[in-house]
A.B. asks: 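Would you mind keeping the following structure in view while I ask a few things?
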Amino acid sequence: MDNQVQTLTEHLRATIWARCLTAAQMKRVETDTFEQFVPKGGFVCRKGEPMESWTGIIDGLVKMNNFSPAGKSVTFTGVPAGGWFGEGSLLKDDRRKYDVIALRDTRVAQMPRATFEWLLETSLPFTRFLLMQLNERLGQFIGLVETDRLLNVDTRVARCLASMFNSHLYPGIEKVVQISQEEIGYLSGASRQSANQALQLLEKEGLVRIDYGGIRVLDVEGLRQFET
DNA sequence: TCATTAAATTGTT
DNA sequence: AACAATTTAATGA
């Protein structure tokens, strides 16, 4: 299998925002950023905690989650390996507005706030990357409102998968997630059964391939445009 | 390396 | 939600 374990440094160098940095900037990033292991089911960070770093997923998968006043669990989105998040609260000097929970054993990279702010001030390409990411996420959430209210389960699952790989800023990342259909159900707001049926339909359409314990995305654009 | 078993995940009703 | 079928991982000969 693709069990090639990537080191923190290798992962940092593979991100797109790192490609535009100068050698000196890259050096500081590699020096300051540290790695953290979060076991399956563990918290990467909790709602209400002050933000101390910008967080990237080296390996594994996390979900952004929140609990309604009634105590009901609401999942916003999943973030696969290659994704970075937390810039919103960092920029606003705010606290986390959601829990981040590991769905599998996960390795995360933490870039300290000072390093993040320094990059923001000294690297235009980095700032541009953040703008694109924020814009991408805005579109994603606008789409969610429509998705939630108008569309059927199959389409919801399709858009959910598309958004995870779409963040068109993780280029070249392996389009394979180790995620059970039960977890896909949580991410797309569907029951496990519905997720199962939806995935089988999407596989029939040639958009994904169902593996044991995981999904391989074959056609991101097709998923995004999928409608029943 | 192979067989056995337990645990996780999937498919169906 | 419950059940059966399938796949993987772990164990020991």
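Below, chains carry the letters A, B, ... as their sequence lines are ordered, and counting in each starts from 1.
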A.B. asks: With A:Lys40, which residues qualify under salt bridge (charged side-chain N to carboxylate O under 4.0 Å, His left out), at least two apart?
C.D. replies: none
A.B. asks: Compute the ring centroids of A:Trp17 and A:Phe116, then answer whether they are less than 6.0 Å apart.
C.D. replies: no
A.B. asks: Report the distance from atom CG of A:Asp211 to atom C1' of C:dT8, rounded to the nearest whole Å.
C.D. replies: 13 Å
A.B. asks: Under 4.0 Å: is that the gap between some side-chain N or O of A:Gln200 and OP1 or OP2 of B:dT10?
C.D. replies: no
A.B. asks: Nucleotides 5-8 of chain B: which of its N/O atoms have a protein N/O under 3.5 Å away?
C.D. replies:
residue: B:dA8; atom: N3; partner: A:Tyr212; partner atom: OH; Å: 2.6

A.B. asks: Nearest whole angstrom, please: distance from the P of B:dT10 to the CD of A:Gln197.
C.D. replies: 13 Å
A.B. asks: Do other residues, nucleotides or ligands put more than 12 heavy atoms under 6.0 Å from the OH atom of A:Tyr186?
C.D. replies: no
A.B. asks: Nearest whole Å is fine: how far is C:dT7 P from A:Ile215 CD1?
C.D. replies: 15 Å
A.B. asks: Whole Å only: how far is the CD1 atom of A:Ile210 from the C1' atom of B:dT12?
C.D. replies: 14 Å
A.B. asks: So does A:Asp32 pair up with A:Lys27, basic N to acidic O under 4.0 Å?
C.D. replies: no
A.B. asks: Using a cut-off of strictly less than 4.0 Å, decide whether A:Gln181 has a side-chain nitrogen or oxygen near OP1 or OP2 of B:dG11.
C.D. replies: yes
A.B. asks: Establish, with yes or no, whether the OP1 or OP2 oxygen of B:dG11 is under 4.0 angstrom from a side-chain nitrogen or oxygen of A:Asn196.
C.D. replies: yes
A.B. asks: Check this for me: does any side-chain nitrogen of one of A:Arg137 and A:Glu87 sit under 4.0 Å from a carboxylate oxygen of the other?
C.D. replies: yes
A.B. asks: For the pair made of CD1 in A:Ile179 and P in C:dT7, what is the distance, rounded to whole Å?
C.D. replies: 21 Å
A.B. asks: Is the closest basic N to carboxylate O distance between A:Arg156 and A:Glu146 below 4.0 Å?
C.D. replies: no
